[in-house]
2 protein chains.
Amino acid sequence: MSQADTALDRILELSVLINDDMTRSLARDQLTTSRAHIMWVLVAQGPVTQRVLADALGVSARTMTGLIDKLVEAGHVTREPHPTDRRATLVTFTKRGARVAAALQRDQVEFARILFDGMPAKRLNGLIEGLDDVLARLRAAGVSRSRESHA
Amino acid sequence: MSQADTALDRILELSVLINDDMTRSLARDQLTTSRAHIMWVLVAQGPVTQRVLADALGVSARTMTGLIDKLVEAGHVTREPHPTDRRATLVTFTKRGARVAAALQRDQVEFARILFDGMPAKRLNGLIEGLDDVLARLRAAGVSRSRESHA
DNA sequence: TATTGTTATACTCTATAACTATA
DNA sequence: TATAGTTATAGAGTATAACAATA
């Protein structure tokens, strides 16, 4: 196996591991990765329409309706009237939702701590340098993201 | 943002990008990531029972029934009788399935080429070193994989 | 006309439970 | 008894299409 194959193997393995761990962790707040992604957008942008959220996640309006339904059920957000556009709704944190979102941010910092705390700066910088290079190559090859990362 | 947060951000972004790209690419052969995972196991182990596949992917027997149904529909595999256990079936490549699986392997090599070709050995090794370190920390923290990686 | 969001419908992956056939 | 795989049912995320209300 070449070094390139080894590197790809490690990246795929890490993806699966991180994804599984996040899925487990999010389930405690009745969240999924898609629903959590919505929470992150709300943290960054404040109350926004479902249209904005659908574009941010790269999903259809129908899908967003379903995702928001679940977040409302869980008590994380409410649908508020838009002040000027009566077609639209403003997806807005409840107090509980805002608290959960803050916890998500803390969890993410804690997770970064687990992954990197005490790692020699040289190695950490080498990792970031390699990842940035790979990301640049992907974009150059036309692999563009359909949705933004949240972190 | 600390270096650790930056690194986690890059890893998550890369995960999403690679996942989206693979999903698009697999769809051309009527494959999904789960179905492709089955193809990889068959390449590595030859014909195996659905039970073995379910354990390899970490899914229920019911889920495997559905996944194999689709692979059979697409003409990638057949269900053959097990020579000694009449309860079991041996999931076996069709000629076409074997050809598609070989193409998947070539695609993976090509993908690794896109990601890493021409990258300075020092940087590539730094990337692998960092990834290995992160993987070791994850395992130390009790984040174990529920299913094997295939590559 | 164009846009926001919903209802209707469907497909994929996932699960548990009940069941058949076989070990 | 236990195991392999299926049928039945359900829930998650995803989609398109038709439609309502509004811009």
Side-chain angles (χ1 to χ4, degrees), chain A residues 16 19-20 22-39 41 47-74 76-92 146-147 150, chain B residues 16 19-20 22-41 47-74 76-92 146-147:
Chain A
V16 171
N19 192 57
D20 287 359
M22 287 195 159
T23 299
R24 268 194 302 274
S25 167
L26 291 171
R28 289 196 295 267
D29 295 305
Q30 294 146 72
L31 289 174
T32 62
T33 49
S34 290
R35 295 178 201 168
H37 195 156
I38 293 169
M39 304 285 275
V41 175
V48 288
T49 64
Q50 293 185 195
R51 177 72 266 161
V52 168
L53 290 169
D55 290 341
L57 269 71
V59 301
S60 68
R62 175 63 188 91
T63 297
M64 189 49 60
T65 295
L67 292 171
I68 300 300
D69 284 350
K70 301 305 175 126
L71 286 177
V72 169
E73 267 178 43
H76 293 320
V77 305
T78 56
R79 286 183 167 100
E80 301 296 330
H82 191 286
T84 64
D85 186 340
R86 287 199 297 174
R87 295 170 306 181
T89 66
L90 280 180
V91 179
T92 309
S146 54
R147 38 168 157 178
H150 60 249
Chain B
V16 171
N19 193 59
D20 286 359
M22 288 194 158
T23 300
R24 267 195 302 274
S25 168
L26 291 171
R28 289 197 295 267
D29 295 305
Q30 295 144 71
L31 290 174
T32 61
T33 49
S34 289
R35 295 178 202 168
H37 196 155
I38 292 169
M39 304 285 275
W40 285 105
V41 175
V48 289
T49 63
Q50 294 186 194
R51 178 72 265 159
V52 168
L53 290 170
D55 290 341
L57 268 71
V59 302
S60 68
R62 176 62 188 92
T63 296
M64 188 49 60
T65 295
L67 292 172
I68 299 300
D69 284 348
K70 299 304 174 134
L71 286 176
V72 170
E73 267 178 44
H76 294 320
V77 305
T78 56
R79 287 183 166 99
E80 301 297 330
H82 190 287
T84 62
D85 187 340
R86 287 199 297 174
R87 295 169 306 177
T89 67
L90 281 181
V91 179
T92 309
S146 54
R147 38 167 156 178

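In the text below, chain A, chain B and the rest are named by the order of the sequence lines, each starting its count at 1. What you see below is based on every heavy atom in this structure, not just the backbone, and it leaves out hydrogens, waters and symmetry mates.
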Classify the side chain of A:Arg87 versus the base of C:dT3 as yes if they form a donor-acceptor pair under 3.5 Å and no if they do not. yes

At what distance, to the nearest 0.5 angstrom, does [atom1] of [X] lie from [atom2] of [Y]?
X: B:Leu90; Y: B:Thr78; atom1: CG; atom2: OG1; value: 9.5 Å
X: B:Arg35; Y: B:Ile68; atom1: CZ; atom2: CD1; value: 10.5 Å
X: B:Ile38; Y: B:Leu57; atom1: CD1; atom2: CG; value: 5.5 Å

If the cut-off is 4.0 Å, is [X] near the phosphate of [N], judged by side-chain N/O to OP1 or OP2?
X: A:Ser34; N: D:dA12; result: no
X: A:Thr89; N: C:dG5; result: yes
X: B:Thr65; N: D:dT6; result: yes
X: B:Arg35; N: C:dC13; result: yes
X: A:Thr63; N: D:dA15; result: yes
X: A:Arg79; N: C:dT6; result: yes
X: B:Ser60; N: C:dA15; result: yes

Nucleotide [N], atom [atom2] - distance to [atom1] of [X] in whole Å:
X: A:Met64; N: D:dT14; atom1: CE; atom2: C1'; value: 12 Å
X: B:Asn19; N: D:dG13; atom1: CG; atom2: P; value: 16 Å
X: B:Arg86; N: D:dT3; atom1: CZ; atom2: C1'; value: 15 Å
X: A:Met22; N: D:dA12; atom1: CE; atom2: P; value: 21 Å
X: B:Ile68; N: D:dG5; atom1: CD1; atom2: P; value: 9 Å
X: A:Gln30; N: D:dG11; atom1: CD; atom2: P; value: 15 Å
X: B:Glu80; N: D:dG5; atom1: CD; atom2: P; value: 13 Å
X: A:Glu73; N: D:dG11; atom1: CD; atom2: P; value: 10 Å

Proximal nucleotide (of [options]) relative to the [X] side chain:
X: B:Ala88; options: D:dA4, D:dT14, D:dA23; answer: D:dA4
X: B:Lys70; options: D:dG5, C:dC13, C:dT4; answer: C:dC13
X: A:Arg62; options: C:dT4, D:dG5, C:dT7; answer: C:dT7
X: B:Asp85; options: D:dA15, C:dT22, C:dT12; answer: C:dT22
X: B:Gln50; options: D:dT22, D:dT6, C:dA15; answer: D:dT6

What does [X] touch in the nucleic acid at a heavy-atom separation under 4.0 angstrom: a base, only the sugar-phosphate, or nothing?
X: B:Arg51; value: sugar-phosphate
X: A:Ala61; value: base
X: B:Thr23; value: nothing

Closer than 4.0 angstrom, basic N to acidic O: yes or no for B:Arg24 and B:Asp20? no

Is a side-chain N or O of B:His76 found less than 3.5 angstrom from the main chain of B:Asp29, in a donor-acceptor match? yes

Apply the side chain to side chain donor-acceptor pair (under 3.5 Å) test between A:Arg79 and each candidate in A:Thr89, A:Asp69, A:Thr92; give the one that qualifies. A:Asp69

Comparing nearest nucleotides in DNA chain D, the 5'-proximal residue of the pair B:Asp69, A:Leu67 is B:Asp69

